[in-house]
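First the structure, in the form of structure tokens, and then the observations on it.
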Amino acid sequence: MKKLLITGAGLRPNGFELGDGKYYEKSIMVSLNLETGEFQEVLTKTDGGDHYPDEHPNLQYTAACLEGDVLWLPTDTEIYKYALPDLKLLAVFSHPCFQNVHSVHVFGDTLAVTSTGLDNVVLLDKQSGAVKQVLNTEGLAPWHRFSPDIDYRKVHSTKPHHSHPNYIFKVDDELWVTRCTQGDAVRLNDVNDRIDISDGGSISVHDGLWWQDKLVFTRVDGTLVVCDPASRSVLEKHDPFKAHRNRPNGWCRGLLIEDDIFYIGFSKLRQTNFKSKLKYLSKGNFKYSSGNNSIVVGYDMRNQKVLGIHESPEGMIDAIYGILPWRY
């Protein structure tokens, strides 16, 4: 593989002062040439629209997915369908129940969307975009604390989130989702069926991907957690920088697995009112006391060796949500 496709966002200079749901001013997708280390802009969005708050829309491309030569690309409130490689726009799906969408995944004729701000997963018909089902990620009624009559696309923030679902995958043909708040992954049809990824701690969880016959999850502290899907148990934990004197300073999110090579995203740290989410920073040995730009780390899981660290140019892409192969 020579190139990666990375989805994310650019910070708004006064986003923290404006408040939650107003942090990002630019949705951006970039390519990374792994041979040269060059980042190149592929697609940006700097305006809101009918599906966003009227002022200070939170603009970000979140975790996308590929279906052959089709790219399904989410924003906070929309799902874009693009034909590759020319990025011809084929469709846009959006619903009032979309709020702070973090990811989209394709399963047969269904799109599974994490409406993170409502703690729900929304299942859409892939062809029409119509809502087929709304599933709450705490096992409760989907509208137990929100109203189906409100257009949540116009709401900047619904924090604090009770579960903060991030990433959807399948085990034994059933949908599972990672939950940032609980630090676990649960089966949507029975949330008591779970994998505890943070060991009961407070380290947030994001991606969940298959690697061979195991599941691998990212934690925001940069730990890769390998789990046995049959026993629902943690098998191994890998810190790519455990043997290094210095480590990147960032929020780990975004993972691509190619054979035994893992490509791991680290977003640039931003100010937050939820200080407990950053407790992991106290373990020290960071390379930059003032922080670094977003980076992508190449890691050989089998040999437990960092292959490369690619730091993005200043101001290009601050937050990373997803990493995909870019074969064009």
| said: Please tell me whether Thr137 and Ser163 have a donor and an acceptor in their side chains that are separated by less than 3.5 angstrom. | reply: yes
| message | Quick check with a 6.0 Å cut-off and a 45 degree axis cone: is Arg12 positioned over the face of Tyr24's six-membered ring? | response | no
| field | Under 3.5 Å donor-acceptor, Glu236 side chain and Leu224 backbone | value | no
| field | Heavy-atom side-chain proximity of Ile320 to Val296 below 4.5 angstrom | value | yes
| field | Between Trp211 and Phe262, ring centroids under 6.0 Å | value | yes
| task | May I ask you to decide whether Lys154 forms a salt bridge with Asp54, counting only side-chain N to carboxylate O separations under 4.0 Å? | result | yes
| field | Validation row: Pro57, Lys22 side chains within 4.5 angstrom (heavy atoms) | value | no
| said: What I'd like to find out is whether the side chain of Val234 reaches to under 4.5 Å of the side chain of Val226, using heavy atoms alone. | reply: no
| query | Do Gln60 and Asp76 have a side chain donor and acceptor closer than 3.5 Å? | reply | yes
| request: Look only at the side chain of Thr218 and the backbone of Asp207, and say whether a donor-acceptor pair between them is shorter than 3.5 Å. | output: yes
| note | For Ala185 and Ile197, the nearest pair of non-hydrogen atoms, with its separation, is N-CD1, 3.8 Å
| message | Could you tell me if the side chain of Val220 sits less than 4.5 Å from the side chain of Ile203, heavy atoms only? | response | yes
| Under 4.5 Å between side-chain heavy atoms, hopping through other hydrophobics if needed: is there a path connecting Leu123 to Val113? | no
| said: Between Glu25 and Lys45, does any NZ, NE, NH1 or NH2 come within less than 4.0 Å of an OD or OE carboxylate oxygen? | reply: no
| Cluster link Leu124 to Val121, ILVMFWY, side chain under 4.5 Å | no
| Do Trp251 and His206 meet the criterion of a side-chain donor-acceptor pair at a distance under 3.5 Å? | yes
| said: Can you classify the ring geometry of Phe146 versus Tyr152 as parallel (below 30°), tilted (30 to 60°) or perpendicular (above 60°)? | reply: perpendicular
| message | I'd like to check Pro165 versus His102 (side-chain heavy atoms, cut-off strictly below 4.5 Å). Are they in contact? | response | no
| From Gln99 CD over to His156 NE2, what is the distance, rounded to the nearest 0.5 angstrom? | 10.0 Å
| request: Drop me the distance from Thr178's OG1 to Phe217's CZ, to the nearest 0.5 angstrom. | output: 7.5 Å
| When you look at Trp326 and Leu32, which way does the side-chain contact (heavy atoms from CB on, under 4.5 Å) test go after all the steps? | CA-CA 9 Å; Trp326 185 235; Leu32 167 60; over 6 Å; no
| said: Looking at Ile317, is its backbone amide N or carbonyl O close enough to the side chain of Ser294 to form a donor-acceptor pair, meaning the two atoms are under 3.5 Å apart? | reply: yes
| Which atom pair, heavy atoms only, marks the closest approach of Ile79 to Pro74? | CD1-CB, 3.5 Å
| message | Tell me if a side-chain donor or acceptor on Ser31 pairs with a main-chain N or O of Leu5 at a distance below 3.5 Å. | response | no
| said: Please check this pair: side chain of Asp259 against backbone of Ile261, looking for a donor-acceptor N/O pair closer than 3.5 Å. | reply: no
| Heavy-atom side-chain proximity of Leu18 to Tyr23 below 4.5 angstrom | no
| task | Return each pair, listed once, that meets salt bridge (Lys or Arg N to Asp or Glu O under 4.0 Å) where at least one residue sits in residues 106-130; pairs must be two or more places apart or across chains. | result | Glu67-Lys126, Asp119-Arg145
| field | Other residues, nucleotides, ligands: >12 heavy atoms within 6.0 Å of Asp151 CG | value | yes
| query | How many angstroms lie between CG in Leu90 and NZ in Lys81, if you round to the nearest 0.5 Å? | reply | 5.5 Å
| message | So, applying side-chain hydrogen bond (donor to acceptor under 3.5 Å, both in side chains) with Arg187, which one of Asn192, Asp193, Asp172 is it? | response | Asp193
| said: Using every non-hydrogen atom in the two residues, find where Gly254 and Ile323 come nearest and quote the distance to one decimal. | reply: O-CD1, 3.8 Å
| query | Thr75 versus Tyr61: any side-chain heavy-atom pair under 4.5 Å? | reply | yes
| message | Main chain of Met29, side chain of Thr7: is a donor-acceptor contact present, judged purely on distance under 3.5 Å? | response | no
| field | Basic-acidic side-chain contact under 4.0 Å: Arg194, Asp184 | value | yes
| What's the spacing between Asp47 CG and Lys26 NZ if we round to 0.5 Å? | 14.0 Å
| said: Are His161 and Asn100 packed together at the side-chain level, in the sense that at least one heavy-atom pair is separated by less than 4.5 angstrom? | reply: yes
| said: Using the rule given for side-chain hydrogen bond (donor to acceptor under 3.5 Å, both in side chains), can you reason through Asp69 versus Tyr328, listing the C-alpha separation, both sets of side-chain angles and the distance that settles it, and then say yes or no? | reply: CA-CA 10 Å; Asp69 289 325; Tyr328 303 96; 2.5 Å; yes
| query | Does Asp149 offer a backbone N or O that forms a donor-acceptor pair with the side chain of Ser147 under 3.5 Å? | reply | yes
| remark: Trp143 and Cys97 have their tightest heavy-atom pair at CH2-CB, 3.7 Å
| said: Would a single hydrophobic cluster contain both Tyr321 and Leu209, if residues Ile, Leu, Val, Met, Phe, Trp and Tyr are joined by side-chain heavy-atom contacts under 4.5 Å? | reply: no
| query | Is the closest side-chain donor-acceptor distance between Arg219 and Ser204 under 3.5 Å? | reply | no
| query | Would Leu43 and Leu73 count as a side-chain contact (heavy atoms from CB on, under 4.5 Å) if you check the C-alpha gap in whole Å, the side-chain angles of each, and the deciding distance to 0.1 Å? | reply | CA-CA 11 Å; Leu43 186 69; Leu73 178 64; 3.8 Å; yes
| said: Please evaluate residues Val191 and Glu138 with respect to the criterion side-chain contact (heavy atoms from CB on, under 4.5 Å), reporting the C-alpha separation (whole Å), side-chain torsions for both, the decisive distance (0.1 Å), and the verdict. | reply: CA-CA 6 Å; Val191 298; Glu138 294 180 281; 5.7 Å; no
| field | Lys170, NZ: over 12 other non-hydrogen atoms inside 6.0 angstrom | value | yes
| task | Give a yes or no on this: more than 12 heavy atoms of other residues, nucleotides or ligands lie within 6.0 Å of atom CG of Asp50. | result | no
| task | Specify whether Phe98 and His95 have parallel, tilted or perpendicular ring planes, treating 30° as the upper limit for parallel and 60° as the lower limit for perpendicular. | result | perpendicular
| query | Linking I/L/V/M/F/W/Y whenever any side-chain heavy atoms sit under 4.5 Å apart, do Met301 and Ile295 land together? | reply | yes
| Rounded to the nearest 0.5 Å, what separation is found between the OG atom of Ser94 and the CD atom of Glu78? | 5.0 Å
| request: Return the minimal non-hydrogen interatomic distance between Gly222 and Pro240, and the atom names on each side. | output: O-CD, 3.4 Å
| message | Quick check against the 3.5 Å criterion: does Ser115 have a side-chain atom that pairs as donor or acceptor with the backbone of Val101? | response | no
| Nearest heavy atoms of Cys252 and Ile264, plus distance in Å | SG-CG2, 3.4 Å
| message | Quick check for you: to the nearest 0.5 Å, what is the distance between Tyr263 atom OH and Leu256 atom CG? | response | 7.5 Å
| query | Would Lys3 and Leu324 satisfy side-chain contact (heavy atoms from CB on, under 4.5 Å), going step by step from the backbone distance to the final call? | reply | CA-CA 9 Å; Lys3 289 185 179 181; Leu324 296 169; over 6 Å; no
| said: Do Leu188 and Val122 land in one hydrophobic cluster if side-chain heavy atoms of ILVMFWY residues count as linked below 4.5 Å? | reply: no
